[in-house]
Amino acid sequence: MTENISYWLMKSEPNVYSIKNLEKEKTTIWDGIRNYQARNFMRSMKIGDIAFFYHSNCKVPGIVGLMEVTKLNIVDPTQFDPKSKYFDSKSKKEFPRWDCVEVKYLGEYEKGLSLEDLKNLYKPNELQVVRKGNRLSIIPVSISTAEEMKITLGKFK
DNA sequence: GCCAACGTTGGC
DNA sequence: GCCAACGTTGGC
């Protein structure tokens, strides 16, 4: 029963929220997304979808782990919290602007794939994250690329 | 710290 | 609706 699964890549800065944080928490809501394209990708996710956990803005950026989408359409609470850096004064409770998904920890890879590895393996049209200047924090990954990457990534720790 | 590549905002 | 100015992301 894998025919309807979509694959994604989700970035997080490890000094903000790393794969170790997710390992401890087991699940998390992917809050703080303030980009419409990224939000819309989350809206098109389905339960059971698989996402690669990517560490960005760090010494060795790259894929470090794997997650599964477990809940959809969660209103992002940080948009209503004036103390949060993600507070959005224009978002109304009746019409929340930002929503997200919950994801579950599946594992951290023994080796992972650095951005440098990914650039050697894939062309920009095969994997958006290797495209120069790509700033989108949630991007779709094609089934063929994703399945190949899973094989290359190998075992969890 | 620099800067390329965007996305957003707001004046007109 | 255009576009300049500004802000942010994120690799390097």
Side-chain angles (χ1 to χ4, degrees), chain A residues 6-25 27-45 49-69 72-103 105-142 144-146 148-150 152-154 157:
Chain A
S6 299
Y7 289 93
W8 308 90
L9 182 146
M10 299 169 86
K11 296 182 187 174
S12 183
E13 301 188 19
N15 60 340
V16 177
Y17 194 89
S18 77
I19 189 74
K20 296 289 183 197
N21 294 108
L22 183 61
E23 183 183 12
K24 265 179 235 144
E25 291 193 345
T27 65
T28 189
I29 60 165
W30 210 261
D31 57 8
I33 299 297
R34 295 294 178 270
N35 171 288
Y36 289 104
Q37 236 185 309
R39 183 205 65 183
N40 292 343
F41 280 137
M42 283 199 286
R43 286 186 175 177
S44 65
M45 288 179 182
D49 278 4
I50 298 295
F52 297 96
F53 193 119
Y54 180 97
H55 279 171
S56 68
N57 202 13
C58 56
K59 204 167 178 185
V60 185
I63 293 171
V64 293
L66 201 66
M67 313 181 275
E68 182 182 339
V69 177
L72 310 175
N73 305 314
I74 300 162
V75 173
D76 182 340
T78 62
Q79 68 194 306
F80 301 121
D81 178 5
K83 288 185 299 241
S84 170
K85 69 176 275 204
Y86 302 115
F87 177 63
D88 183 349
S89 60
K90 291 178 194 160
S91 187
K92 298 272 176 296
K93 287 254 182 192
E94 315 85 81
F95 291 104
R97 186 181 282 189
W98 306 107
D99 49 77
C100 57
V101 297
E102 182 194 79
V103 289
Y105 176 83
L106 292 183
E108 179 182 2
Y109 289 109
E110 259 177 22
K111 288 193 168 176
L113 280 174
S114 69
L115 178 59
E116 194 188 352
D117 295 334
L118 293 170
K119 280 180 174 168
N120 291 329
L121 290 168
Y122 299 105
K123 299 194 187 83
N125 64 323
E126 293 170 319
L127 187 67
Q128 267 193 60
V129 79
V130 305
R131 205 178 61 191
K132 192 187 172 193
N134 163 62
R135 299 181 313 149
L136 202 55
S137 61
I138 297 176
I139 62 172
V141 180
S142 75
S144 56
T145 301
E148 202 181 298
M149 279 202 301
K150 274 173 75 174
T152 312
L153 281 158
K157 278 183 179 170

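Order of the sequence lines fixes the chain letters, A, B, ..., with proteins taken first and strands second; residue numbering starts at 1 for each chain.
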Report task. Drop me the distance from A/Thr145's OG1 to A/Tyr122's OH, to the nearest 0.5 angstrom. Result -> 6.0 Å
Query raised in the report: What nucleotide among C/dC12, B/dG7, C/dG10 has an atom nearest to a side-chain atom of A/Ser56?
Result: C/dG10
Query raised in the report: How many angstroms lie between CD1 in A/Ile33 and OG in A/Ser137, if you round to the nearest 0.5 Å?
Result: 3.5 Å
Report summary line: Closest of B/dA4, C/dG11, B/dT8 to the A/Tyr36 side chain is B/dT8
Requested in this report: Kindly say whether the aromatic ring centers of A/Phe53 and A/Trp30 come within a distance under 6.0 Å.
Outcome: yes
Query raised in the report: To the nearest 10 degrees, what angle separates the axes at the start and end of the helix from B/dG1-C/dC12 to B/dC12-C/dG1, five pairs each?
Result: 10°
Query raised in the report: What's the CG-C1' distance between A/Leu136 and C/dG10, to the nearest Å?
Result: 13 Å
Report task. Grab the two heavy atoms, one from A/Val141 and one from A/Met149, that are nearest each other, plus how far apart they are. Result -> CG1-CE, 3.9 Å
Write down the protein N/O and nucleotide N/O pairs, taken from nucleotides 1-3 of chain B, whose separation is under 3.5 Å; answer none if there are no such pairs.
none

Report task. Describe the nucleic acid contact of A/Lys119 in one word from base, sugar-phosphate, nothing, applying a heavy-atom distance below 4.0 Å. Result -> sugar-phosphate
Query raised in the report: At their closest point, which heavy atom of A/Phe87 faces which heavy atom of A/Gln79, and how far apart are they?
Result: CD1-O, 3.2 Å
Query raised in the report: Which heavy atom in A/Pro14 sits nearest to a heavy atom in A/Ser56, and how many Å separate them?
Result: CD-O, 3.2 Å
Query - Which residue lies more 5' along DNA chain B, comparing A/Lys90 with A/Arg135 via nearest heavy atoms - result: A/Arg135
**Report entry** No-hydrogen, no-angle side-chain donor-acceptor test under 3.5 Å, A/Ser114 and A/Asp117
**Finding:** yes
Query raised in the report: If only side-chain N and O atoms of A/Tyr54 are considered, is one of them under 4.0 Å from the OP1 or OP2 phosphate oxygen of C/dT9?
Result: no
Query raised in the report: How many angstroms lie between atom CG of A/Asp31 and atom CZ of A/Arg34, to the nearest 0.5 angstrom?
Result: 7.5 Å
Query - Point-to-point distance, once rounded to the nearest 0.5 Å, from OG1 of A/Thr78 to CG of A/Asp88 - result: 9.0 Å
Report task. Mind calculating the distance between CE (A/Met10) and P (C/dG10) to the nearest angstrom? Result -> 13 Å
**Report entry** Protein-nucleotide distance (A/Asn134, atom CG; B/dC6, atom P), rounded to Å
**Finding:** 8 Å
